[in-house]
K.L.:
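What follows is a structure written as structure tokens; I'll ask about it next.
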Amino acid sequence: MKQTVLVSGGAGYIGSHTAVELINAGFDVVIADNLSNSDMSGVEGVRKITGIDVPFVNVDCCDTEAFRKVFEQYEFDSIIHFAAFKAVGESVADPMKYYHNNLLSFMNVINLMREFNRHNIVFSSSATVYGEADQLPVTEQTPRKPATSAYGNTKQMCEDILRDSVNAYESLNGIALRYFNPIGAHPSALIGELPRGVPQNLVPFITQTAAGVRECLSIFGDDYPTPDGSCLRDYIDVVDLAKAHVVAIARMVDGKSKTRYEIFNVGTGNGVSVFELVRGFERVNDLKLNYKVAPRRPGDVVAIWADTSLANEELGWKAERSLDDTLASAWAWEKHVRGL
């Protein structure tokens, strides 16, 4: 019998790519999303790539009664929870929006899993839980620092909710995947990152600037204590990230988890500066970008990248796509969206 996975937030950027990789790996998928920061193009892209008419439910995970109907309608034992707001700057400006949406939706997932006796959950966490780390690269044992944004704080709090729930309720198994910086798009250019309004992440702003949608790219700060003055990040291809979710689900389904709650870093293990990324995009795609240096942005950490050895060894997973291929895929997606 095929395993079915509910993907909450599955119409979004990472969710849609994960749905594709789950189907490629032999899972059935149900997508639940309220389309607050996505649209049906993500779902349609999944259907085109896989040739599967993937079920979609338009539901807000914060609406307990509406979300309960998804559990009543579909038989799934595993959930990957993406449904959350994710813009660092916005979360600093409007923290209550983030606490309400990100915490309530996750608590609803846990409560409904218990009510309907569903067992396995992968939580979409973030490297933001490490804050401004004292030592780099960060391992899963690196102490979490006080979050620099409400967004980061919700990720820490949801990790704690998951840990405590797994400890308290024997029916639950959980894995938290701490993402670094997902970028790029599916090689088909049928799904990719398409944020509503002004992009809050670097690569969509780069591609929109290249496409003429944005007049100028802002690089927030060139006076950080890094080799070129810009922030350092671990940029991971979104397809590689999606595959990490598949192996995490399979690990729980197959009963291979070492403990019932596990944490894994999902990155490349390489720190790349903002300037390096911008220049790499220009080189790979033979373009010149209009960019300027702007003041530092509240909530940004100076530098962070992953030690991925635990995920490499325990999950048998590693990032495979090159940064050049990833930046080319991001531009191919942008051109597809804009009809260029």
Side-chain angles (χ1 to χ4, degrees), residues 1-10 14-15 18-33 52 54-57 59-84 102-126 140 155 157-179 241-264 266 310-311 314-317:
M1 180 179 160
K2 263 192 174 182
Q3 285 276 342
T4 301
V5 181
L6 176 70
V7 183
S8 67
I14 305 170
T18 300
V20 168
E21 296 307 320
L22 284 165
I23 292 165
N24 287 346
F27 291 92
D28 285 335
V29 168
V30 176
I31 292 174
D33 202 302
I52 303 291
V54 178
F56 169 75
V57 185
V59 64
D60 185 344
C61 299
C62 291
D63 185 336
T64 311
E65 292 311 310
F67 199 22
R68 178 178 280 113
K69 291 174 183 172
V70 179
F71 282 73
E72 290 171 347
Q73 184 175 357
Y74 294 99
E75 285 296 327
F76 49 84
D77 199 43
S78 301
I79 298 172
I80 303 177
H81 183 64
F82 293 108
N102 294 7
L103 298 181
L104 181 57
S105 63
F106 189 58
M107 289 189 288
N108 278 345
V109 169
I110 299 293
N111 282 328
L112 289 166
M113 286 182 72
R114 293 180 59 219
E115 182 180 335
F116 287 88
N117 198 31
R118 311 294 167 83
H119 298 102
N120 305 314
I121 178 163
V122 173
F123 172 61
S124 161
S125 192
S126 167
E140 289 80 359
K155 292 300 184 185
M157 293 166 82
C158 285
E159 282 191 1
D160 293 345
I161 290 167
L162 181 55
R163 178 201 62 214
D164 293 346
S165 297
V166 167
N167 287 340
Y169 312 124
E170 289 187 3
S171 62
L172 291 179
N173 306 299
I175 292 178
L177 296 182
R178 290 176 175 167
Y179 309 166
L241 176 59
K243 289 176 178 176
H245 293 79
V246 178
V247 294
I249 285 289
R251 181 176 176 86
M252 289 186 286
V253 168
D254 296 339
K256 292 183 178 177
S257 299
K258 295 279 179 69
T259 59
R260 290 187 17 253
Y261 174 57
E262 297 181 307
I263 297 166
F264 296 99
V266 187
L310 187 67
E314 286 293 325
L315 296 178
W317 168 93

K.L.:
Just how far is it from atom NZ of K256 to atom CG of L315, taken to the nearest 0.5 Å?
P.N.:
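Nearest 0.5 Å value for the NZ-CG distance: 11.0 Å.
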K.L.:
Could you check if a side-chain atom of W317 sits within less than 4.5 angstrom of a side-chain atom of R251, using non-hydrogen atoms only?
P.N.:
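Of all side-chain heavy-atom pairs linking R251 with W317, none is under 4.5 Å.
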K.L.:
Kindly indicate whether the side chain of F76, heavy atoms from C-beta on, has any atom under 4.5 Å from the side chain of D28.
P.N.:
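F76 vs D28: side chains apart.
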K.L.:
Quick check against the 3.5 Å criterion: does R118 have a side-chain atom that pairs as donor or acceptor with the backbone of L112?
P.N.:
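No: the side chain of R118 does not pair with the backbone of L112.
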K.L.:
Is there a ring-ring contact (aromatic ring centres under 6.0 Å, His included) between H245 and F27 once you walk through the steps?
P.N.:
CA-CA 12 Å; H245 293 79; F27 291 92; over 10 Å; no
K.L.:
Nearest 0.5 Å, what's the CD1-CD1 distance between I175 and I121?
P.N.:
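Spacing of CD1 (I175) from CD1 (I121) equals 11.0 Å.
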K.L.:
May I have all residue pairs that pass salt bridge (Lys or Arg N to Asp or Glu O under 4.0 Å) and include part of residues 159-170, sequence neighbours excluded?
P.N.:
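Counting only pairs at least two positions apart or across chains, the salt bridge (Lys or Arg N to Asp or Glu O under 4.0 Å) contacts touching residues 159-170 are R144-E159, R144-D160, E159-R178, D160-R163.
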K.L.:
Can you say whether the rings of F116 and F71 are parallel (under 30°), tilted (30 to 60°) or perpendicular (over 60°)?
P.N.:
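It falls in the tilted class, 30° to 60°.
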K.L.:
Taking all non-hydrogen atoms of both residues, which atom of D33 and which atom of G10 are closest, and how far apart?
P.N.:
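Result for this residue pair: OD2-N, 3.5 Å.
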K.L.:
Looking at side-chain heavy atoms only, is the closest gap between C158 and M107 below 4.5 Å?
P.N.:
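Result no, sub-4.5 Å side-chain heavy-atom pair not found.
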K.L.:
Quick one, D254 and M252 - any side-chain contact, counting heavy atoms below 4.5 Å?
P.N.:
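D254 does not reach M252 side chain to side chain.
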K.L.:
If you define the side chain from C-beta out and look only at heavy atoms, does anything of M113 sit under 4.5 Å from S171?
P.N.:
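Not touching, per the 4.5 Å side-chain cut-off.
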K.L.:
Hey, could you give me the CG/CG distance between N173 and D77, rounded to the nearest 0.5 Å?
P.N.:
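Result: 9.0 Å between the selected atoms.
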K.L.:
Please determine if E65 and R68 form a salt bridge, counting it only when a charged side-chain N lies under 4.0 Å from a carboxylate O.
P.N.:
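Yes.
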K.L.:
Any side-chain to backbone donor/acceptor pair from N108 onto C62? Under 3.5 Å, distance only.
P.N.:
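Side chain of N108 to backbone of C62: a pair is present.
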K.L.:
Can you name the nearest heavy-atom pair linking A176 to Y261, along with the distance?
P.N.:
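Taking every non-hydrogen atom into account, CB-OH, 3.8 Å.
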K.L.:
Pick one: which of S124, S126, S125 meets side chain to side chain donor-acceptor pair (under 3.5 Å) with Y179?
P.N.:
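Of all the options given, the one that passes is S124.
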K.L.:
Can you tell me how far the CG atom of N111 sits from the OG1 atom of T64, to the nearest 0.5 Å?
P.N.:
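OG1 of T64 is found 8.0 Å from CG of N111.
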K.L.:
As a test of understanding, state which of L172, I263, N167, I110 forms a side-chain contact (heavy atoms from CB on, under 4.5 Å) with L162.
P.N.:
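Of all the options given, the one that passes is I110.
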K.L.:
Determine the minimum heavy-atom distance between A32 and V59, stating which atoms define it.
P.N.:
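Smallest interatomic distance, heavy atoms only, reads CB-CG1, 3.7 Å.
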K.L.:
Where is the tightest heavy-atom contact between C61 and A83, given as atom of each residue plus distance?
P.N.:
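Closest heavy-atom pair between C61 and A83: SG-CB, 3.9 Å.
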K.L.:
Where do L6 and Y74 land on the side-chain contact (heavy atoms from CB on, under 4.5 Å) test, with the steps shown first?
P.N.:
CA-CA 9 Å; L6 176 70; Y74 294 99; over 6 Å; no
K.L.:
Determine whether a donor-acceptor pair (N or O, by modelled atom type, separation under 3.5 Å) exists between the side chain of R114 and the backbone of S165.
P.N.:
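Pair absent, no side-chain N/O of R114 close to backbone of S165.
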K.L.:
State, yes or no, whether a side-chain contact exists between F82 and T18 at a heavy-atom distance under 4.5 Å.
P.N.:
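Answer yes - side chains close enough.
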K.L.:
What distance separates L177 CG from I80 CD1, expressed to the nearest 0.5 Å?
P.N.:
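Answer for the CG-CD1 pair, L177 versus I80, is 8.5 Å.
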K.L.:
Measuring from I249:CD1 to I79:CD1, what's the distance to the nearest 0.5 Å?
P.N.:
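It comes to 8.5 Å.
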